2 protein chains.
Amino acid sequence: MAETRWLDDREMRAWNGFLAASALVNRRLDQQLKDDSGLSHPQYEILVRLAAAPDHELRMTELANGLINSKSGLTYQVTQMEKAGLVRRRSCPSDVRGVFAVLTEAGLARLEAAAPGHVTTVREILVDVLTPEQLDALAAGLGEVSRRLREQGA
Amino acid sequence: MAETRWLDDREMRAWNGFLAASALVNRRLDQQLKDDSGLSHPQYEILVRLAAAPDHELRMTELANGLINSKSGLTYQVTQMEKAGLVRRRSCPSDVRGVFAVLTEAGLARLEAAAPGHVTTVREILVDVLTPEQLDALAAGLGEVSRRLREQGA
DNA sequence: GGGTGTCGGTTCGAATTTGAACAACTCCCC
DNA sequence: GGGGAGTTGTTCAAATTCGAACCGACACCC
């Protein structure tokens, strides 16, 4: 096949920065959430997406597609959160197979309690560290990256 | 306490883009590596770092600090890779407690076989998707983010 | 020398994640 | 109606992850 096009210096720095930041940010976030609110990062994401959804409910599949988990991983997390009373399952009337995950009062309360600390951390470790130009470059560049991966992966 | 400074639109887009890209890129990478070379992403990272080190060996602690794993996670991975013959342990002469992980011939060969496919994927999903300006913004911005997390975490 | 504190790595158990296999169901086209 | 074919969500076993506890050295200080 064609010669491999190795990464030059600039590309290498960007790639390494991305990889390192990705790992470190995720770790830090997980820790802050767990310490302050007893939620894992995946669980927090689920709460956010449910809270943003109409009627505070989403189909399992939609929730899984968001990202993060495989289907089975989602099943597991929702089960955990159901035990904790943050979420409730409701079967879909029009399709017997379908299952909605519904945010409970307690779930919403838990999210609202966790959000301020979470946002503060996000600013601290990433948003407030970047210049406005860098923020825009991230939004545009990584947005495009995600878009491609999403449709390609489908 | 002070009011929470929520994220505005621009900040939100950057943050979401980062989170999504982080998750999707990692997933994709892991999959490509596993399919093409039977290596997990953590294992690949370990090989890369050992190959770059003088004498192809590093102390366990240094390897763990790089990033990625907790100490125990590293122990696990090195054990796996040792079974697979990619790496070998050598105890440190000057400090009985210390352990070096040493890259083997087979390990190096495995890395060299995996590298081209890996780099190609990295280009495909990230590097070649970004403009040169975005690459520089990523390198600078996320580099700074990582640096802070590293020293702060220490 | 004899504490005392810290370091480097491993071990342990518990939690989480994944992919593959599965069962139940919907859809579509004949 | 009657098959496939594709979906949906769960279950299962296996792999991986983490943190806390641990053990054996080092280091230092008196």
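In the text below, chain A, chain B and the rest are named by the order of the sequence lines, each starting its count at 1. It should be emphasised that the depicted structure is a prediction, and the values quoted were computed from it without experimental measurement.
Neither OP1 nor OP2 of C/dT17 sits under 4.0 Å from any side-chain N or O of B/Arg27.
A/Gln32 pairs by the side chain to side chain donor-acceptor pair (under 3.5 Å) definition with A/Asp36, not counting sequence neighbours. Scanning for side chain to side chain donor-acceptor pair (under 3.5 Å) contacts around B/Ser22 gives A/Ser22, A/Asn26, with sequence neighbours left out. With sequence neighbours excluded, no residue forms a ring-ring contact (aromatic ring centres under 6.0 Å, His included) with B/His56. B/Gln80 is linked by a side chain to side chain donor-acceptor pair (under 3.5 Å) to nothing, counting only residues two or more places apart in sequence or in another chain. Taking the side-chain contact (heavy atoms from CB on, under 4.5 Å) definition, one finds that B/Asp9 meets it with B/Arg13, sequence neighbours left out. Residues satisfying the side chain to side chain donor-acceptor pair (under 3.5 Å) criterion with A/Arg89, sequence neighbours excluded, are A/Thr79, A/Glu82. Among residues two or more places apart in sequence or in another chain, the ring-ring contact (aromatic ring centres under 6.0 Å, His included) test is passed with A/Phe100 by none.
Pairs engaging residues 106-135 of chain A under the ring pair (Phe, Tyr, Trp, His ring centres under 6.0 Å) rule: A/Tyr44-A/His118 [sequence neighbours left out]. Judged as a ring pair (Phe, Tyr, Trp, His ring centres under 6.0 Å), not a single pair has a partner in residues 6-39 of chain B (not counting sequence neighbours).
A heavy atom closer than 4.0 Å to some atom of DNA chain D occurs in no member of residues 54-62 of chain B. Contacts with DNA chain D (heavy atom under 4.0 Å) in residues 71-88 of chain B: B/Ser72, B/Tyr76, B/Gln77, B/Gln80, listed by number.
Using a 4.5 Å heavy-atom cutoff, the side chains of B/Leu50 and B/Met81 are not in contact.
One atom, NZ of A/Lys34, and another, C1' of D/dG19, lie 10 Å apart when rounded to the nearest Å. Computed from coordinates, the B/Arg28 CZ to C/dG19 P distance equals 13 Å when rounded to whole Å. One atom, CG of A/Asn26, and another, P of D/dT16, lie 20 Å apart when rounded to the nearest Å. Between B/Asp95 atom CG and C/dG9 atom C1' there is a gap of 11 Å when expressed in whole angstrom units. The NE2-P distance, from A/His41 to C/dT16, rounds to 15 Å in whole Å. The distance between atom CG of A/Asp30 and atom C1' of C/dT16, rounded to the nearest whole Å, is 11 Å. Taking atom CG of A/Leu39 as the reference point, atom P of C/dA15 lies 16 Å away to the nearest angstrom.
The residue among A/Ser94 and A/Gln43 whose nearest nucleotide of DNA chain C is located toward the 5' end is A/Gln43. Summary of the strand contacts: A/Gln31 and A/Arg89 both lie near DNA chain D, and taking for each the nucleotide with the nearest heavy atom, the more 5' one is attributed to A/Arg89.
Here A/Asp128 pairs with B/Arg5 in a salt bridge; the nearest charged N to carboxylate O distance falls below 4.0 Å.
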Write out a two-atom table: protein N or O, nucleotide N or O from nucleotides 1-6 of chain D, distance below 3.5 Å.
unit_1 : atom_1 : unit_2  : atom_2 : d
D/dG6  : N2     : A/Arg97 : NH1    : 3.3

